[in-house]
Amino acid sequence: MADWRPLVTDPARRAQLATVIGEIVDAMPAATDLTGHLDQAVMRAYLAQHDIVEDPDDAVGSSLVAAVAAFAAAPVQPALFGGACGLGWTVEHLTGGETAAEVCETIDRALLGCLATWTDDYDLITGLVGFGIYGLERGGAGLAITTQVIELLERSARPHDGGVAWYTRHDLLPAWLQPLVTEGHWDYGLAHGLPGVVGLLARCVRFEVETARVRPLLDGAMTALLAVGPRYPAWLPRAESETRRVAWCYGDLGVAFGVLAAAEACDRTDWRDAALGLARGCATVDDPTIPDASLCHGTAGAAHLFMRLWNATGEELFADAARRWLDRTLAARRTEPVAGFPHLVGADTWQPSDGLLTGAAGVALALHAAITDTEPSWDRILLVDC
């Protein structure tokens, strides 16, 4: 990919967004758990670039030390988001070298032990895809983890829609959903479903990790994924919504990133056409269901994904969409913490959120990507680094 191009180049507009970023940092509460420490470390590390928000007191280093201490103090889940893999990914991403090796080797041993008896989720957030993304971030040091993840994905794949897919058991569904359904489902969200598997497998092909085994699995997964289109529900069996959702976690926009990753890794123009067709459809839609400004399913997330697509393709359609969603992010700012970017829970309950996925840290990172030429490589953890 070419060097990152900032979406916002007007000096006054850039200064406005830099001011908002500074207000987010000033309002950020002290982290109290592993996830909070990690999210703040990533945020401060990137914001310090181009001196948007300087870090003279090494808040990044302090956050990483606090995260390691939290990990050592009590058992945590192995998840990429909120768990041991997330700690390892962040340390590797921000520091590398001997510092990362010292922390990550302990995590690697524990994770390989977990994978030896793993029967739980396969998704990006808490499951196998997330472990694989951590393994890839580690490079050669993470090869054993990535290989084990591939083996488990091979074993758990089921024939589906002419290809292969992964089934989410009923007991692994969110607690709020379990009483509403009697069985599991086929999930089509980037965060929790088949597009995430496609994204991981595509990166394995791209980095030549177990290519002979991964490529047939990726071909089968793509067959099953494309069979569901041209519009993507959150999961099946479920009635398909008439509204095209514009979000990272679920909907056509997130799916497009999984398909695009596979297209680029395998040099498939037909897959690329399918991915960009999905994305172009999303670019012309104003999704009224977007509730807040979060990266996960909010306006800042939509803006960031369209910025990624614009940088990858040069299509002004995506730049226009990114600007529109950026405007909506600022217009949606509220009075509640953190810095006016709370998280909507349920239909009408706003809660303070400082996190990367659902809170103000993610908003700050998206705004930073819009005004600097620093590639937002932090979004590798979201599988959208096209």
Side-chain angles (χ1 to χ4, degrees), residues 21-74 76-108 111 124-125 130 133-134 136-139 142 294-296 300-301 304 337-339 341 343 352-369 372 374-385:
I21 293 171
E23 291 169 352
I24 290 173
V25 173
D26 289 343
M28 193 66 64
T32 59
D33 59 14
L34 175 67
T35 302
H37 292 305
L38 295 177
D39 289 350
Q40 292 198 25
V42 172
M43 180 191 70
R44 291 302 299 266
Y46 276 86
L47 299 190
Q49 300 183 53
H50 298 274
D51 296 328
I52 299 301
V53 178
E54 296 181 3
D55 185 19
D57 300 322
D58 191 22
V60 175
S62 297
S63 293
L64 290 177
V65 169
V68 172
F71 171 72
V76 299
Q77 61 179 333
L80 182 62
F81 287 83
C85 281
L87 171 61
W89 187 94
T90 304
V91 172
E92 181 69 48
H93 184 70
L94 296 182
T95 67
E98 294 181 3
T99 300
E102 185 176 349
V103 174
C104 293
E105 286 171 3
T106 300
I107 293 173
D108 294 350
L111 189 59
L124 173 65
I125 301 296
I133 294 303
Y134 164 61
L136 289 178
E137 191 72 19
R138 292 273 284 140
S294 68
L295 286 182
C296 180
H304 184 73
V338 173
F341 297 106
H343 174 51
S353 180
D354 58 356
L356 186 148
L357 265 187
T358 63
V363 176
L365 286 167
L367 297 182
H368 181 267
T372 75
T374 297
E375 182 178 3
S377 298
W378 52 265
D379 65 7
R380 289 207 291 262
I381 202 170
L382 302 178
L383 289 176
V384 297
D385 53 314

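Numbers here are sequence positions counted from 1.
A side chain to side chain contact (heavy atoms under 4.5 Å, CB included) with I24 holds for exactly one of D354, V363, V53; it is V363.
Residue S63 holds its OG atom at 8.0 Å from CE of M43, rounded to the nearest 0.5 Å. Put simply, CG on L124 and CG on L382 are 7.5 Å apart, with the number rounded to the nearest 0.5 Å. Taken from OG1 in T95 to CG in L64, the straight-line distance is 7.0 Å, to the nearest 0.5 Å. Distance check, rounded to the nearest 0.5 Å: CD1 of I125 to SG of C85 gives 12.0 Å. Within the model, atoms NE2 of H50 and OG1 of T372 stand 4.5 Å from one another, a figure rounded to the nearest 0.5 Å. Note that OG1 of T90 and CG of L38 are 4.5 Å apart. Values are rounded to the nearest 0.5 Å.
Of all heavy-atom pairs spanning C296 and T358, the tightest one is CB-CG2, 4.3 Å. A pairwise comparison of heavy atoms in S377 and H93 identifies O-CE1, 3.5 Å as the closest pair. Annotation for Q49 and H368: closest pair O-NE2, 3.3 Å, computed over non-hydrogen atoms. The minimum heavy-atom distance between P29 and V338, with the atom names listed, is CD-CG2, 3.9 Å. Between L365 and Y46, the shortest heavy-atom distance links the atoms CD2-CB, 3.7 Å. The two residues W378 and W89 make their nearest non-hydrogen contact at O-CH2, 3.6 Å.
Between the Y134 side chain and the G88 main chain, no donor and acceptor come within less than 3.5 Å of each other.
Under the rule for a salt bridge (Lys or Arg N to Asp or Glu O under 4.0 Å), the partners of R44 that lie at least two apart in sequence or sit in another chain are D55.
Considering only heavy atoms from C-beta on, E23 stays 4.5 Å or farther from M28 through its side chain.
Side-chain atoms of S294 and H343 form no donor-acceptor pair, as typed in the model, at a separation below 3.5 Å.
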